[in-house]
Number of protein chains: 2
Amino acid sequence: MNTRKYEQRLRADTAAENRRRILQAAYDRLREAPSEPLSLDKVANKARVARSTIYVIFESRAGLFDAVFRDLLDRAGFDRIVTAVAHHDAGEHLRGSLRAGAHVYAAERGVVRAIYSMAALHADALADTVRHDEVGRAEGMRHLAQRLADQNLLRAGITVQEATDILYVISSFDTFDLLFTGRGLAADAVADRLIAMAERALVHQVGQPR
Amino acid sequence: MNTRKYEQRLRADTAAENRRRILQAAYDRLREAPSEPLSLDKVANKARVARSTIYVIFESRAGLFDAVFRDLLDRAGFDRIVTAVAHHDAGEHLRGSLRAGAHVYAAERGVVRAIYSMAALHADALADTVRHDEVGRAEGMRHLAQRLADQNLLRAGITVQEATDILYVISSFDTFDLLFTGRGLAADAVADRLIAMAERALVHQVGQPR
DNA sequence: CTTACGAAAGACAGACTGTCTCACGAAAAA
DNA sequence: TTTTTCGTGAGACAGTCTGTCTTTCGTAAG
């Protein structure tokens, strides 16, 4: 039996719609109740789709949440925050991306927390994606640390390596959430704290010996 | 039917032993494979105990891990780190507890990560205990911040409130783990980073205007 | 018209939780 | 010694979940 050419165009649209509806349903559910177990049955019902369809499209439960996470990264532009700010002054760049990051984290807090926790508990595709994303963030922080060094903004005795480590901590979701959820600060207040920490820990002050 | 007094003495010992064996089995399993699902069946087998016995003793799955966490806190003495260091110099106290904490975290990394993730994902007894423990840590950090203030060690313009927030971040497991697992630093190197961050962010430097 | 294919529906096995019942055995009380 | 009490093992059971598979249907492309 020779398969003939077959390109579905109209069906591809509805297929893409289904995929999107499933992603949206899973995302909404994580948003509403980040600390409640989420079954694929619930996602399927919410998306008005058969549960088996989820498996056809996303392979597995982990594959679904992996896609949800990737989609979240795209929409929120986590990975673009650092480069997007793109201020010629590295100090402004630092402040701008910490503040922008804090607001993105605040908007997506529940979903990100749930996804990170799932990733920590399962060692699957989702865990790989989360780890990969963290590596990307580390590279971004290394770049920023290098820019700070190039512009002679680093405090005396701080290496780019050390600055990278510190920026990696301060720009993390966990650090944000310690202040946001743990200490009950508003997103802007968190940004203020983070910026203050970063500047005091890394940047030499006016009139301070270098 | 009138119930007569009944105090088991010898049986209480074996009961306590069972309880301990179950806790140990759960702890060992979390330690070996923190990122693998852990069923009560496995714990029961490992502890050579019927699964129903776990429910009799710990009420629920959450109750078991709650007990594992409490036991870990007791054994490792997380909550005693800050007060245990008890150096008359608040600066030494800060450095000592950060270093001690880093080593405890490093020793229990997998288990703590698994328990935190479970707590974030379920909103049960375990979540309550973890939250309560974090409140205790926050109080400890407030105490330390106050001591730093009393000894005139805080940088100019930093309130006790702000110092508490920053110490809360720096002394957290998440911050530790960002450097330990995320950046691949050894426990002592993490401690160095944390201490450097804390001192630069909070403590006024020698010869620096206050 | 015929073929291909996305999707729904649902059966199924297997794993897990939580509840319950029953029986056993050993220690404590009478 | 006899009786009572209680921790425990063993296991049945319902319910939920994942992951796989098969069957059927509708629709768009050829």
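Labels below follow one simple rule: chain letters A, B, ... track the order of the sequence lines, proteins then strands, and each chain is numbered from 1.
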Nearest-0.5 Å distance, CG of residue B:Leu94 to CG of residue B:Leu202: 7.0 Å
Salt-bridged, A:Glu139 to A:Arg142, with N to O below 4.0 Å? no
Parallel, tilted or perpendicular: which one describes the rings of A:Phe173 and A:Tyr116, with boundaries at 30° and 60°? perpendicular
Side chain to side chain contact (heavy atoms under 4.5 Å, CB included) against A:Ser35, all qualifying residues, sequence neighbours excluded: B:Ala123
Would you say A:Glu59 has more than 12 foreign heavy atoms packed within less than 6.0 Å of its CD? no
Side chains of residues 184-196 of chain B: which donor-acceptor partners sit under 3.5 Å, not counting sequence neighbours?
residue  : atom : partner  : partner atom : Å
B:Asp188 : OD1  : B:Arg99  : NH1          : 2.7
B:Asp192 : OD1  : B:Arg99  : NH1          : 3.4
B:Asp192 : OD1  : B:Arg99  : NH2          : 2.7
B:Arg193 : NE   : A:Asp165 : OD2          : 2.8
B:Arg193 : NH2  : A:Asp165 : OD2          : 2.9

Among C:dA7, D:dC17, D:dG9, the nucleotide that comes nearest once only the side chain of A:Ser39 is considered: D:dC17
Separation of atom CD1 in A:Ile57 from atom P in C:dG6, rounded to whole Å: 10 Å
With sugar-phosphate meaning primed atoms plus P, OP1 and OP2, does A:Arg19 contact a base, only sugar-phosphate, or nothing at under 4.0 Å between heavy atoms? nothing
Would you mind reading off the distance between A:Phe58 atom CZ and C:dG6 atom P, rounded to a whole angstrom? 15 Å
With a cut-off of less than 4.0 Å, is there a side-chain N or O of A:Asn18 near OP1 or OP2 of C:dA7? yes
What does B:Val56 touch in the nucleic acid at a heavy-atom separation under 4.0 angstrom: a base, only the sugar-phosphate, or nothing? nothing
Every protein N/O within reach of nucleotides 19-21 of chain C N/O, cut-off under 3.5 Å:
none

A:Leu40 side chain, from C-beta outward: closest of D:dT18, C:dC16, D:dC17: D:dT18
Just grab all the salt bridge (charged side-chain N to carboxylate O under 4.0 Å, His left out) pairs involving residues 18-28 of chain A, residues at least two apart or on different chains. A:Arg20-A:Asp71
Which residues in residues 28-35 of chain A have at least one heavy atom lying under 4.0 Å from any atom of DNA chain C? none
Relative to B:Phe180, does B:Arg109 satisfy both conditions: NZ or CZ under 6.0 angstrom from the six-membered ring centre, and within 45 degrees of the ring's axis? no
Among residues at least two apart in sequence or on other chains, which ones pass side chain to side chain contact (heavy atoms under 4.5 Å, CB included) with A:Ala120? B:Arg113, B:Ser117
Whole angstrom value for the distance that separates C1' of C:dG6 from CD of A:Glu17: 13 Å
Separation of D:dT20 P from A:Arg61 CZ (nearest whole Å): 14 Å
I need the CD-P distance between A:Glu36 and D:dT16, as an integer number of Å. 15 Å
Taking atom P of C:dG18 as reference, at what distance in whole Å does atom CZ of B:Phe65 sit? 10 Å
Between C1' of D:dA10 and CG of B:Asp41, the distance in whole Å: 12 Å
For atom CZ of A:Arg21 and atom P of C:dG6, their distance in whole Å: 16 Å
